[in-house]
Amino acid sequence: MESASSMLSPGETTLLALDPVIASTSSDLVGDLTYGQLSRSTLVTLSTPNVMDLPAVADEATHSISYTLSRTQAVIVEYVRDDKTDLFQVGRSSEKPIDFVVMDTAGAPPPTQGSSAGQSTISRFACRLLVTRRDAGDNPEKPVQACVFAAGFNSESNIFLGEKATKWQENNNMDGLTTNGILLMHPDGEFVSGNAKAGKWREVSVDGNIFSLREARSSSRRGEEQRDEANVLMDGSLIDLCGATLLWRSSEGLQQSPTQRHVERMIKIVNAGKPQCPVGLNTLVLPRHNSGVPNQLMYVYLQCGHVQGRHDWGFVAGANERQCPMCFVIGAVTKLEMGLEPAFYVDFEPPTHAFNPCGHMASEKTVKYWAFIPFPHGPSGYRAMCPFCAISLEGYPGFTKLIFQDNID
Amino acid sequence: MTDTAGLPRRIVKETQRLMAEPVPGISAIADESNARYFHVVVAGPDGSPFEGGVFKLELFLPEEYPMSAPKVRFLTKIFHPNVDKLGRICLDILKDKWSPALQIRTVLLSIQALLSAPNPDDPLQNDVAELWKVNEAEALRNAREWTRLYAGGN
């Protein structure tokens with residue numbers, strides 16, 4: 001998938017925004033969607049030494065979730081197809097049932113002690129999205145509804161919650177949590193316009209119910225159920241897979257959001273101001289992609305925001321910091337690059353701000369929105385990160401207002 | 001114009017801009033044979049004891065310029081607490097407060113400002129600075145007299 005806004009299937013208007021940095025995804029999405037169309041049907045309780053032998057489990061055509069209670073007891077929930085919804089699955093597995101293959105975001109630490117750094121923390125079948133269909137007779141304006149559930153069906157169309165998994169029965173309904181859990185955060189306010197703030201992170205269960213977070217990411221005790229909250233995705237909802245975070249953009253939201261073309265126009269506007277290096281007195285150029293002429297690249301002094309070209313003045317001995325020739329403030333310096341993923345922008349304003357320390361530029365509201373989103377990090381912590389490269393933000397507030405020397409002539 | 005081959009682009013640009021948009025009251029012209037050497041003339045600022053005077057200076061851009069400051073010196077004798085007998089100037093931006101974001105233009109503006117506001121608390125010529133502090137009226141009289149004698153002022 002090249003950009004965040006690939007169509008899921010022809011005729012479907014739901015869009016799943018996934019950045020290649022936040023989550024790498026497979027390139028062949030369309031045409032792999034004959035899955036889906038599932039809804040829950042019956043609850044069967046059986047006593048058996050091996051759930052694999054049960055017809056519903058052994059049969060690949062039948063989707064089922066088995067909750068292993070003990071060695072001899074399991075609850076099998078069987079699902080049947082329906083023609084009102086489509087199922088999309090997200091996970092680390094590259095097997096056929098996974099529509100969006102994700103990989104761990106570089107730099108994320110293991111959520112539990114003891115797990116080694118190289119080991120992925122994302123489940124192979126991490127979560128599933130159930131999206132309502134828009135039928136031929138429907139009003140084309142009718143919004144589709146997408147819901148997220150923990151765990152995805154494997155190649156045998158099964159989900160297994162083993163003996164040790166957190167699970168429970170309520171009113172004849174089985175439910176449970178996956179090992180590292182699927183966390184969900186709805187923005188508090190409208191994502192489009194940038195007036196939203198971070199909402200509360202919640203955990204979504206295998207059956208799509210909402211809970212407060214566990215004490216630690218993979219604790220065995222579930223949080224409090226939040227009965228008045230739902231697993232229905234909003235424009236701007238974040239789904240944390242423990243190792244990668246997905247941003248959900250609705251088609252309605254994307255229609256009011258910048259496109260790739262807009263981002264490229266913003267680059268042109270920055271360059272049209274002929275920003276100048278105050279030291280070299282040469283014109284600087286913001287490259288369209290991660291390239292550009294070395295002597296024309298822009299560098300930002302992250303403490304003060306002064307944008308300059310490449311030069312060798314102001315190195316501080318023994319530190320990775322430089323003194324700004326414009327204001328003498330000492331701080332780190334980094335190359336400026338445009339944040340290229342349009343689905344992360346909350347408005348259409350020019351890129352006046354950049355994240356610290358990576359130097360990814362975006363509009364003021366976009367940078368401020370993301371700088372104050374706490375992303376789950378480690379067993380029970382949070383971090384702020386740049387959505388474009390997933391690096392942890394440094395300093396407070398974690399971004400810089402850019403000061404260009406431009407529009408001089 | 002002087003041969004600009006091998007001259008950093010920045011110096012070429014500064015020179016061009018100094019000619020195209022000169023600073024009021026200041027002229028800076030590159031030497032015929034050395035593009036790093038500038039003949040500078042600064043008019044004594046109105047309202048200062050140097051008013052009416054025309055002060056000649058030399059400005060040289062060292063090899064490391066702009067990573068290090070230009071060398072500037074008064075050629076015209078001047079009675080000023082921050083300029084010594086040899087014409088050397090006590091100005092922070094020519095020393096530890098130099099920044100490559102400064103230019104020939106900004107240096108000359110700073111020197112012009114120094115003529116408007118002598119700073120006897122940071123002296124280079126001690127006897128002048130002392131007089132400036134204990135008897136400012138006499139110091140100003142001397143400055144005006146020197147301006148008339150050496151800078152062609154009236």
Side-chain angles (χ1 to χ4, degrees), chain A residues 271 273-285 292-336 354 400-409, chain B residues 1-2 4-24 26 28-30 35-38 40 59-72 90-111 113 122:
Chain A
N271 288 331
K274 292 202 190 301
Q276 215 180 52
C277 173
V279 174
L281 299 186
N282 55 317
T283 302
L284 303 174
V285 177
V293 182
N295 286 331
Q296 295 180 339
L297 292 176
M298 298 181 182
Y299 291 82
V300 58
Y301 287 70
L302 288 162
Q303 279 299 313
C304 53
H306 283 113
V307 177
Q308 302 176 25
R310 200 163 68 166
H311 61 74
D312 294 331
W313 192 80
F315 282 101
V316 176
N320 200 16
E321 296 189 318
R322 309 260 308 262
Q323 187 169 36
C324 173
M326 295 297 284
C327 63
F328 294 110
V329 165
I330 291 170
V333 177
T334 194
K335 193 164 71 183
L336 268 186
T400 305
K401 183 180 180 358
L402 301 173
I403 306 169
F404 289 98
Q405 293 233 100
D406 58 0
N407 297 304
I408 297 166
D409 308 321
Chain B
M1 196 178 143
T2 323
T4 58
L7 206 60
R9 204 181 126 72
R10 154 146 181 179
I11 296 179
V12 176
K13 284 197 86 169
E14 278 201 69
T15 308
Q16 285 169 351
R17 195 164 160 232
L18 278 168
M19 300 210 299
E21 308 160 47
V23 189
I26 298 173
I29 295 158
R36 288 177 174 272
Y37 186 92
F38 288 77
V40 178
L59 182 146
F60 179 70
L61 304 177
E63 182 62 29
E64 309 81 48
Y65 181 83
M67 295 306 148
S68 60
K71 310 245 178 277
V72 197
C90 178
L91 188 60
D92 56 359
I93 62 160
L94 294 176
K95 295 170 187 161
D96 56 324
K97 286 290 189 298
W98 171 252
S99 151
L102 297 168
Q103 301 179 21
I104 298 171
R105 171 181 299 270
T106 40
V107 165
L108 296 179
L109 279 167
S110 298
I111 291 170
D122 186 17

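Within every chain, numbering begins at 1; the chains are lettered A, B, ... in the order of the sequence lines, protein sequences first and strands thereafter.
- Partners of R9(B) under the salt bridge (Lys or Arg N to Asp or Glu O under 4.0 Å) rule, at least two apart in sequence or in another chain, do not exist in this structure.
- A side-chain contact (heavy atoms from CB on, under 4.5 Å) with P8(B) is found for exactly one of E63(B), R36(B), E14(B), namely R36(B).
- Applying the side chain to side chain donor-acceptor pair (under 3.5 Å) criterion to E64(B), with sequence neighbours excluded, gives S68(B).
- More than 12 heavy-atom neighbours from other residues, nucleotides or ligands sit within 6.0 angstrom of CG on D96(B).
- Residues of residues 296-315 of chain A lying under 4.5 angstrom from chain B, judged on non-hydrogen atoms, are H311(A), D312(A), W313(A) by number.
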Quiz: residues 100-109 of chain B side-chain donor-acceptor pairs under 3.5 angstrom, not counting sequence neighbours:
from: R105(B); atom 1: NH1; to: E21(B); atom 2: O; distance (Å): 3.3
from: R105(B); atom 1: NH2; to: R17(B); atom 2: O; distance (Å): 3.3
from: R105(B); atom 1: NH2; to: E21(B); atom 2: O; distance (Å): 2.8
from: T106(B); atom 1: OG1; to: Q103(B); atom 2: N; distance (Å): 2.5
from: T106(B); atom 1: OG1; to: Q103(B); atom 2: O; distance (Å): 2.8

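- Options G280(A), C277(A), P325(A) differ in how many heavy-atom pairs under 4.5 Å they form with chain B, and the most are formed by P325(A).
- Of the possible donor and acceptor atoms, none in the side chain of W98(B) sits under 3.5 Å from a partner among the backbone N and O of P70(B).
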